Amino acid sequence: MASALADPNIQKFLKWTAILTAVMVVGFSTYYYISGGTEESGELHYRTGNLRLEDGNFQAALTEFSLLLEEDLANPPALLGRALALKELGRLDEAFEDVSTAIELKPDFSAAYANRGIILDHLGQYEAAILDYRKAVRLDPELGEGPDWITSSLRNQSESPPTIIDRANYLESELKKPSSERFLRNPEEDAKQRSYKLEGTFSD
């Protein structure tokens, strides 16, 4: 047995078998982590799409959510994810369609109301944006508090961005002024406003 193990060919075979096994273990572990411990392709697309949103690769995020929606067209979280990608790509009308469909399918979808408010805000439909901001917070008061310190750290934010409540209050105060005195857009400040992504699994 010892002489067999000393054979260079056997040693080479064992070496590459060990390497291949390690690669397979790492690959499976990575897949398992991304997919949340499930082999469902929809879950994998959803989690990967959210990761691409976080790292700013919005075209890749759009692809992942679109693939998921090919499998399940009536999936509110997937529709929201695709809307977020579309919004960041400047395709606001398409983003509005997706997030509105998500709300039709899930009328208590607080994150969808928050994001539709942001999209309406960008489209200049301020009164409608305020209504969605307020609705989102009524459904989930935590949405009015902004991201927690962990999320802010991951996003490298030294200061908390304006919340949807901050924005709603600001818009309401500006809309009370004569139209010539209103200051409804501030690109530098508006750019700090973050989308509200649904956490958890796509089946939530």
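From a predicted model like this one, the values you see are computed outputs, not experimental measurements.
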Decide yes or no on side-chain contact (heavy atoms from CB on, under 4.5 Å) for Y126 and R185, but give the supporting numbers first. CA-CA 10 Å; Y126 302 114; R185 297 242 59 92; 3.3 Å; yes
Walk me through it: do I165 and R134 pass the test side-chain contact (heavy atoms from CB on, under 4.5 Å)? CA-CA 7 Å; I165 288 297; R134 299 290 187 198; 3.5 Å; yes
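Nearest heavy atoms, G42 versus E71: N-OE1, 3.6 Å.
Atom CZ of R138 and atom OG of S110 lie 12.0 Å apart (nearest 0.5 Å). Rounding to the nearest 0.5 Å gives a distance of 8.5 Å between CZ of F109 and CG of N115. Summarising the geometry, atom CG belonging to L175 is positioned 10.0 Å from atom OH belonging to Y170; distances are rounded to the nearest 0.5 Å. Within the model, atoms CD1 of I130 and CZ of R167 stand 8.5 Å from one another, a figure rounded to the nearest 0.5 Å.
The shortest distance between side-chain heavy atoms of D93 and E97 does not fall below 4.5 Å. At least one side-chain heavy atom of L62 sits less than 4.5 Å from a side-chain heavy atom of R91. At a threshold of 4.5 Å between non-hydrogen side-chain atoms, the residues D121 and Y133 count as touching.
Side-chain contact of D98 with T101: a donor-acceptor pair under 3.5 Å is absent, judged by distance alone.
Taking a cutoff of 4.0 Å between a charged side-chain nitrogen and a carboxylate oxygen, K176 and E172 do not qualify as a salt bridge.
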